[in-house]
Structure formats: structure tokens, C-alpha cells
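Here the structure is laid out as C-alpha cells; the discussion comes afterwards.
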Amino acid sequence: MIKMKRPGWDEYFMKVAKLVSSRSTCLRRKVGAVLVKDKRILATGYNGAPTGIVHCEVTGCLREKLHVPSGERHELCRGLHAEQNVILQAALHGISVNGSTIYITNAPCSICAKMIINAGIKEVIYADSYPDRMAQDFLKEANIKIIKMGETDKRERQ
């Protein structure tokens, strides 16, 4: 019998999120998100300008021009975050995300954390950190499970 080396579910879905991030049009950080329920992908999203709006690669980045630090003044960005886009894509296509898990290449900001809570997402798994302590506090207060990739080995779901 041949023993195959297959990625665990968390590794698999995070690899998909990283691939999704390659579609991002953000000049500062490329982020991807995947919503999953019962080991099935519900929707994907990446950060960038809304449909029909000129991308930052054309207009330039206002936050960069103003030297706005990462994690601050989100309202100055013309783009949506990957978490916002994945929730909106599911809504656009009539897909309930209640009880799902979101895989994100970066931890969410506080705005996205509030959306994750109200969308009924039960678990956040992320690869890299993001400088927004309030987001982590919101998710913990709402009893949303938060897992940094690498720490998932302890509970890998086969």
C-alpha cells in the first residue's frame, strides 16, 4: 500500500486563501479569505477596490501617500478587506455563512472582526498577525475561536 502525504484540512484551506490573495490589487498587503463549512468552500474573497471602481494600482494608495500606519484609518482606503469581500460574495449568492470557519492570510482588523461576529462565523484561522488588538478582544468576547496557523497542529481535523 502506498502512503500518500496529504495536507490536513487547515493547511489545505489556508493554501487556498494564499492563492486567493494573489488576486488582490492592494499595493500594501495582499490578503485572501476563504469561508468553509463542513469541509466545503462556501466563498472566497481578497482585498481590493469594489467592482467597477478603479484599482489602487492606477490611482495610487492614499494611505501610503499620507504615511498612515498599518491597522489605522481604514476609512482612507478605497478597497474592501478580504473578510468583507468573502462575506459579501456569500451574501450576493445567497449562501449562509452561519456556523462557518474563515481562513485568512492575516488576522482581521476590528471592523472585519465585528462583521465576522454578526455573520455568525464560529472560528477564525489566520496565518499572519495584524496590528489591531481590539479585533482580537472583540472575537474573544464573542466566544469566536481564534487560531493562528501553526497552532492548528494540536487539533488538526482529518
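- Between Lys3 and Met1, the closest side-chain pair of non-hydrogen atoms is not below 4.5 Å.
- Between the Asp132 side chain and the Met134 main chain, a donor and an acceptor come within less than 3.5 Å of each other.
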Go through Ile121 and Ile87 one step at a time and tell me if the side chain to side chain contact (heavy atoms under 4.5 Å, CB included) criterion holds. CA-CA 10 Å; Ile121 296 167; Ile87 291 168; 4.1 Å; yes
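- For the residue pair Arg63 and Arg73, the shortest heavy atom distance occurs at NH1-O, 2.9 Å.
- Remark: Lys18 NZ is loosely packed, at most 12 non-hydrogen atoms of other residues, nucleotides or ligands lying under 6.0 Å away.
- Checking each of His55, Glu57, Arg78 against Thr25 for a side chain to side chain donor-acceptor pair (under 3.5 Å) leaves exactly one that passes, namely His55.
- Between Lys37 and Ser100, the shortest heavy-atom contact is CB-CB, 4.2 Å.
- Aromatic ring orientation, Trp9 versus Tyr12: perpendicular (interplanar angle above 60°, classes split at 30° and 60°).
- Screening residues 81-98 for side-chain hydrogen bond (donor to acceptor under 3.5 Å, both in side chains) gives no qualifying pairs among residues at least two apart or on separate chains.
- Note on Val36: it does not cluster hydrophobically with Leu19, by side-chain heavy-atom contacts below 4.5 Å among ILVMFWY residues.
- Put simply, Phe138 and Val86 are part of the same group of oily side chains (I, L, V, M, F, W, Y) that touch within less than 4.5 Å, one to the next.
- Hydrophobic cluster membership is shared by Leu42 and Ile117, with clusters built from Ile, Leu, Val, Met, Phe, Trp and Tyr side chains linked at under 4.5 angstrom.
- The shortest side-chain heavy-atom distance between Val124 and Ile116 falls under the 4.5 Å cut-off.
- Side-chain contact check for Ile125 versus Ile104: every heavy-atom pair is 4.5 Å or farther apart.
- Contact check for Leu139 versus Pro108: side-chain heavy atoms found under the 4.5 Å cut-off.
- At least one donor-acceptor pair under 3.5 Å links the side chain of Thr105 to the backbone N or O of Gly32.
- Val34 and Ile147 fall within a single hydrophobic cluster, where Ile, Leu, Val, Met, Phe, Trp and Tyr side chains are chained together by heavy-atom contacts under 4.5 Å.
- Leu80 and Tyr126 fall into different hydrophobic clusters, where Ile, Leu, Val, Met, Phe, Trp and Tyr side chains are chained together by heavy-atom contacts under 4.5 Å.
- A donor-acceptor pair shorter than 3.5 Å can be found between the side chains of Arg29 and Ser70.
- Looking at Ile146 and Lys140, their side chains come closer than 4.5 Å, going by heavy atoms from C-beta outward.
- Side-chain contact between Ile102 and Glu123 is absent, with no heavy atoms from C-beta onward closer than 4.5 Å.
- The shortest side-chain heavy-atom distance between Ser129 and Lys148 falls under the 4.5 Å cut-off.
- Counting heavy atoms from C-beta on, the side chains of Lys122 and Lys145 never come closer than 4.5 Å.
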